[in-house]
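Notes to accompany the following structure.
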Amino acid sequence: QVQLVESGGGLVQAGGSLRLSCAASGFTFSSSAMGWFRQAPGKEREYVARIRLRNSYTDYADAVKGRFTISSDNAKNTVYLHMGGLKPEDTAVYYCAVDVRGNNWNSRYSASSYDYWGQGTQVTVSS
């Protein structure tokens, strides 16, 4: 079955960096698209970034553009989210998700466009 396992969250000071990992299994990784979302307390889950694995095409939310980088290691079936210049408002639970067929590009901002989700990893940025 499909499994997505996130890791790498933690507590970091403002301006610092973290790298999140999402190890995937149970589907054809290279044909899919992987996304990162986040959810802060009392807020809706929001789109952060997406990568289409067949061509490594990436996309970012405006709030993180220029600070975060999404990447993949197809040999390890793993997607990463490199987060730099962290701000207190980046504090949230971060989730990875998979669009198994990788073709929901126009609706990439919507959580409903993704088929499976990881359990989430907490990122806390102190001021």
Side-chain angles (χ1 to χ4, degrees):
Q1 73 273 25
V2 174
Q3 283 194 313
L4 301 174
V5 180
E6 300 103 332
S7 60
L11 173 64
V12 63
Q13 288 189 331
S17 301
L18 279 176
R19 188 184 76 165
L20 306 183
S21 301
C22 176
S25 61
F27 60 95
T28 305
F29 189 75
S30 60
S31 299
S32 72
M34 300 288 293
W36 285 97
F37 284 72
R38 66 187 182 186
Q39 188 166 19
K43 295 189 175 182
E44 292 189 356
R45 192 169 296 190
E46 67 171 348
Y47 171 81
V48 174
R50 175 182 170 108
I51 184 167
R52 183 185 293 170
L53 277 306
R54 70 174 72 99
N55 57 10
S56 297
Y57 192 78
T58 60
D59 180 73
Y60 299 91
D62 288 343
V64 306
K65 202 170 290 184
R67 299 188 298 123
F68 290 12
T69 301
I70 189 170
S71 65
S72 69
D73 184 334
N74 287 19
K76 295 182 178 180
N77 281 13
T78 299
V79 170
Y80 303 98
L81 185 68
H82 305 257
M83 306 185 295
L86 283 162
K87 306 174 182 180
E89 51 264 44
D90 294 318
T91 295
V93 177
Y94 283 71
Y95 299 90
C96 70
V98 60
D99 169 9
V100 173
R101 285 181 287 185
N103 57 6
N104 289 324
W105 181 253
N106 290 338
S107 56
R108 61 192 179 277
Y109 306 114
S110 171
S112 63
S113 295
Y114 297 82
D115 304 297
Y116 299 94
W117 293 79
Q119 81 287 354
T121 186
Q122 176 71 47
V123 172
T124 303
V125 184
S126 63
S127 57

Do [X] and [Y] land in one hydrophobic cluster if side-chain heavy atoms of ILVMFWY residues count as linked below 4.5 Å?
{"X": "Y114", "Y": "Y109", "value": "yes"}
{"X": "M34", "Y": "L81", "value": "yes"}
{"X": "L86", "Y": "I70", "value": "yes"}
{"X": "V93", "Y": "V48", "value": "no"}
{"X": "Y80", "Y": "Y47", "value": "no"}

Please work out which of the three classes, parallel, tilted or perpendicular, describes the rings of Y94 and F68, given edges at 30° and 60°.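 Judged by the thresholds at 30° and 60°, the geometry between F68 and Y94 is tilted.
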With a 3.5 Å distance limit and no angle check, can you tell me whether [X] reaches the backbone of [Y] through a side-chain donor-acceptor pair?
{"X": "S110", "Y": "S112", "value": "yes"}
{"X": "Q119", "Y": "E6", "value": "yes"}
{"X": "E46", "Y": "R38", "value": "no"}

Does any part of the side chain of [Y], heavy atoms only, come nearer than 4.5 Å to the side chain of [X], both counted from C-beta?
{"X": "Q122", "Y": "T91", "answer": "yes"}
{"X": "W105", "Y": "D59", "answer": "yes"}
{"X": "D115", "Y": "V2", "answer": "no"}

Using the rule given for side chain to side chain contact (heavy atoms under 4.5 Å, CB included), can you reason through R67 versus M83, listing the C-alpha separation, both sets of side-chain angles and the distance that settles it, and then say yes or no? CA-CA 6 Å; R67 299 188 298 123; M83 306 185 295; over 6 Å; no
Report the distance from atom [atom1] of [X] to atom [atom2] of [Y], rounding to the nearest 0.5 Å.
{"X": "N103", "Y": "S32", "atom1": "CG", "atom2": "OG", "result": "11.0 Å"}
{"X": "E89", "Y": "S127", "atom1": "CD", "atom2": "OG", "result": "10.0 Å"}
{"X": "T58", "Y": "R50", "atom1": "OG1", "atom2": "CZ", "result": "11.5 Å"}
{"X": "D99", "Y": "N104", "atom1": "CG", "atom2": "CG", "result": "4.0 Å"}
{"X": "Q1", "Y": "Y116", "atom1": "CD", "atom2": "OH", "result": "9.5 Å"}

Would the number of heavy atoms belonging to other residues, nucleotides or ligands and lying under 6.0 Å from [atom1] of [X] be above 12?
{"X": "R54", "atom1": "CZ", "value": "yes"}
{"X": "Y60", "atom1": "OH", "value": "yes"}
{"X": "K43", "atom1": "NZ", "value": "no"}

Using the rule side chain to side chain contact (heavy atoms under 4.5 Å, CB included), only one of T78, N77, L53 pairs with S72; which is it?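 So, applying the side chain to side chain contact (heavy atoms under 4.5 Å, CB included) to S72 and each of T78, N77, L53, only L53 qualifies.
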Check the pair W117 / R45 against side chain to side chain contact (heavy atoms under 4.5 Å, CB included), numbers first and verdict last. CA-CA 12 Å; W117 293 79; R45 192 169 296 190; 3.3 Å; yes
I'd like a table of donor-acceptor pairs (distance under 3.5 Å, sequence neighbours excluded) in which one partner is a side-chain atom from residues 20-31, with atom names and distances.
none

Determine, for D90 against K87, whether the closest basic-nitrogen to carboxylate-oxygen distance falls under 4.0 angstrom.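 So D90 does not pair with K87 through a salt bridge.
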Please give me the minimum heavy-atom distance between G84 and S17, naming the atom from each residue.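 So the minimum-distance heavy-atom pair works out to CA-OG, 3.7 Å.
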If you compare all heavy atoms of A97 against all heavy atoms of L4, which two are closest, and at what distance to 0.1 Å?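 Heavy atoms only, the tightest pair is CA-CD1, 3.8 Å.
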